[in-house]
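Let me begin by presenting the structure, written as C-alpha cells, before commenting on it.
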Amino acid sequence: MSSIASSSKGKRKLNLMKKLSVLIVANDDISQNSYILCLQNFGVDTLGVRDGLMAFNIHDKTQMRFDLILMSSIMPMMDGIEATKKLRSMGITTTIVGITTPDDNEEYHKKFMEAGLDECYEKPLTKEILQSLIEKIGNKV
C-alpha cells in the first residue's frame, strides 16, 4: 500500500489504510505544538506529554498504544534514554524516534540509540521528516 499525500486548503492528508496515532514526548512547548499541528494536518491522531515518566505511565497504567513515539532526549523527571529503556523493557515494540538537540554530543546520541531507538534526528523535525516517518509507519500497519 502506498501512502500518497493529497492537499486541500493547505492540509496534506496522507491516504493511509488505518488512522495512525503518535505520542510526542517533549517538554519544549513550541516544538511539541508544531509537531502536533503538522501531524494533525496529515490526518494523524496525536497526544503530547512533557516528559519520559508521563510516556511510561501512559503505557503502564492506561495500556494505550501508539503507532509512533517521538521522544526528546533531554527532559525533566525522566529523560529520553531512561524512558526508551523502560518502554522497551515493558515489551513496547512501537517505533520510537529520538529527537536530539544540537548540544547533545556523539556519546549521548550513541547511548540514546542503544536504549532502543529505531531512528534519531536532530531537532527541529521538518514537515518532510514527519511525513516520511508517517509514510513508513503507515506502510507497516
Intermediate values then yes/no, side-chain contact (heavy atoms from CB on, under 4.5 Å), T84 and I69:
CA-CA 10 Å; T84 300; I69 300 171; over 6 Å; no

Under the side-chain contact (heavy atoms from CB on, under 4.5 Å) criterion, do M64 and L47 qualify, and how do the steps go?
CA-CA 11 Å; M64 288 178 71; L47 176 64; 4.1 Å; yes

Go through it in stages, so that I can follow the logic: the residues are N57 and M54, the test is side-chain contact (heavy atoms from CB on, under 4.5 Å), and I'd like the CA-CA distance, side-chain angles, deciding distance and then a yes or no.
CA-CA 5 Å; N57 285 336; M54 294 172 96; 5.7 Å; no

Show your reasoning for whether side-chain contact (heavy atoms from CB on, under 4.5 Å) applies to L130 and V44.
CA-CA 11 Å; L130 291 170; V44 175; over 6 Å; no

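When the side chains of ILVMFWY residues are joined at heavy-atom separations under 4.5 Å, either directly or via intervening members, V25 and F112 end up in a single hydrophobic cluster. A continuous path of ILVMFWY side-chain contacts below 4.5 Å connects I92 to M113, so both sit in one hydrophobic cluster. Both M71 and I74 are assigned to one and the same hydrophobic cluster, defined by single-linkage of ILVMFWY side chains at heavy-atom distances under 4.5 Å. F42 and V97 fall within the same hydrophobic cluster, where Ile, Leu, Val, Met, Phe, Trp and Tyr residues are linked whenever their side-chain heavy atoms come under 4.5 Å apart, directly or through other members. Cluster membership for I24 and I58, using ILVMFWY side-chain heavy atoms within less than 4.5 angstrom, is not shared.
At least one side-chain heavy atom of V22 sits less than 4.5 Å from a side-chain heavy atom of L68. Looking only at side-chain heavy atoms (C-beta outward), K110 and E106 stay at 4.5 Å or farther from each other. L23 is listed as a side-chain neighbour of H59, based on a closest heavy-atom distance under 4.5 Å. Here the side chains of L39 and L20 are not in contact, with every heavy-atom distance at 4.5 Å or above. Residues Y108 and D79 meet the side-chain proximity criterion, which asks for heavy atoms closer than 4.5 Å.
The number of heavy atoms from other shown groups lying within 6.0 Å of CG (L37) is above 12. By the 6.0 Å contact criterion, CD on E128 is enclosed, its count of non-hydrogen atoms from other residues, nucleotides or ligands being greater than 12. Atom CE of M90 has more than 12 heavy atoms from other residues, nucleotides or ligands within 6.0 Å.
One distance of note links CG of L70 with CD of E119; it measures 10.5 Å at 0.5 Å rounding. For the atom pair I96 CD1 and K85 NZ, the distance stands at 13.0 Å (nearest 0.5 Å). With values rounded to the nearest 0.5 angstrom, S89 atom OG is found 10.0 Å from E82 atom CD. Distance OG1/T95 to NZ/K136: 9.0 Å, rounded to 0.5 Å. Between atom CD1 of residue I129 and atom CD1 of residue I134 there is a gap of 12.5 Å, rounded to the nearest 0.5 Å. E122 CD to D103 CG: the interatomic distance, rounded to the nearest 0.5 Å, is 9.0 Å.
Listed by chain and number, the residues in a side chain to side chain donor-acceptor pair (under 3.5 Å) with D28 are S31, K123 (sequence neighbours excluded). Every residue meeting the salt bridge (charged side-chain N to carboxylate O under 4.0 Å, His left out) condition with D118, not counting sequence neighbours, appears here in chain and number order: R88. In this view, T94 satisfies the side chain to side chain donor-acceptor pair (under 3.5 Å) rule with no residue, not counting sequence neighbours.
Remark: side-chain polar atoms of Y35 are paired, donor with acceptor, to backbone N or O of L125 under 3.5 angstrom. The main-chain N or O of T101 is found under 3.5 Å from a side-chain atom of D104 such that the two form a donor-acceptor pair. A distance-only check finds a donor-acceptor pair linking the side chain of Q32 to the backbone of V49 [under 3.5 Å]. When atom types are taken as modelled, the side chain of K19 and the backbone of G43 share a donor-acceptor pair closer than 3.5 angstrom. Under the 3.5 Å distance criterion, the side-chain polar atoms of S73 are left unmatched by any main-chain donor or acceptor of G80. Put simply, the side chain of N33 gets close to the backbone of D29: a donor and an acceptor are under 3.5 Å apart.
T100 approaches C120 most closely through the heavy-atom pair CG2-SG, 3.4 Å. Across all their heavy atoms, A83 and G52 have their closest contact at CB-CA, 3.6 Å.
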